[in-house]
Asker: 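Please read through the structure below; I'll follow up with questions.
One-based numbering along the sequence shown.
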Amino acid sequence: QVQLVESGGGLVQPGGSLRLSCAASGSIFSVNDMGWYRQAPGKERELVAIFPSGGITKYADSVKGRFTISRDNAKNTVYLQMNDLKPEDTAVYYCNAKVSTYIRTWTSDLYWGQGTQVTVSS
């Protein structure tokens, strides 16, 4: 009933930039928290950034000053602008969102996208 689709990943050189996007679709009543996670090979999935509905954005220490999370609520879309990319940023990036649907507007469920690969290498 709700789908999250990420896009914008790819191969970039160190110091380069990418912008990831994640669009939520389906029978959406409201989108609450939205965020980005990433997982590198052999490592645990970690929080990158979160944008609560109407709240204050938060970032992992490793990306502060380089990444910016933003939202377009009219499009139910969250973005992650990644600047000054480093090899250690290489990972699969996953979109995450708490969504309320029209069939159950009083509660929300957690949804995940399929992930998009970001590779930072010369």
Asker: Pairing donors with acceptors under 3.5 angstrom, does anything connect the side chains of Thr77 and Ser21?
Answerer: no

Asker: Taking atom types as modelled, find out whether Tyr37 and Arg45 have a side-chain donor-acceptor pair closer than 3.5 angstrom.
Answerer: no

Asker: Disulfide bond (SG atoms under 2.5 Å apart): which pairs involve residues 20-73, sequence neighbours left out?
Answerer: Cys22-Cys95

Asker: Do you reckon Leu4 sits in the same ILVMFWY cluster as Val92, going by side-chain contacts under 4.5 Å, direct or chained?
Answerer: no

Asker: Does Lys64 pair with Asp61 as a salt bridge, N-O distance under 4.0 Å?
Answerer: yes

Asker: Consider only side-chain heavy atoms of I, L, V, M, F, W and Y, link residues closer than 4.5 Å, and tell whether Tyr79 and Val31 are in one cluster.
Answerer: no

Asker: Do Ile69 and Leu20 sit in the same hydrophobic cluster, where Ile, Leu, Val, Met, Phe, Trp and Tyr count as joined when their side-chain heavy atoms come under 4.5 Å apart?
Answerer: yes

Asker: Taking atom CH2 of Trp106 and atom OG of Ser108, what is their separation to the nearest 0.5 Å?
Answerer: 12.5 Å

Asker: State the CD-CG distance between Glu6 and Leu80, to the nearest 0.5 angstrom.
Answerer: 11.5 Å

Asker: I need the Phe67 CZ to Thr57 OG1 distance, nearest 0.5 Å.
Answerer: 14.0 Å

Asker: Measuring from atom CG of Asp84 to atom CE of Met82, what distance do you get when rounded to the nearest 0.5 angstrom?
Answerer: 12.0 Å

Asker: Check Arg104 with Asp109, please: is the shortest side-chain N to carboxylate O separation under 4.0 Å?
Answerer: no

Asker: State, with a plain yes or no, whether a side-chain heavy atom of Met34 is found less than 4.5 Å away from one of Lys98.
Answerer: no

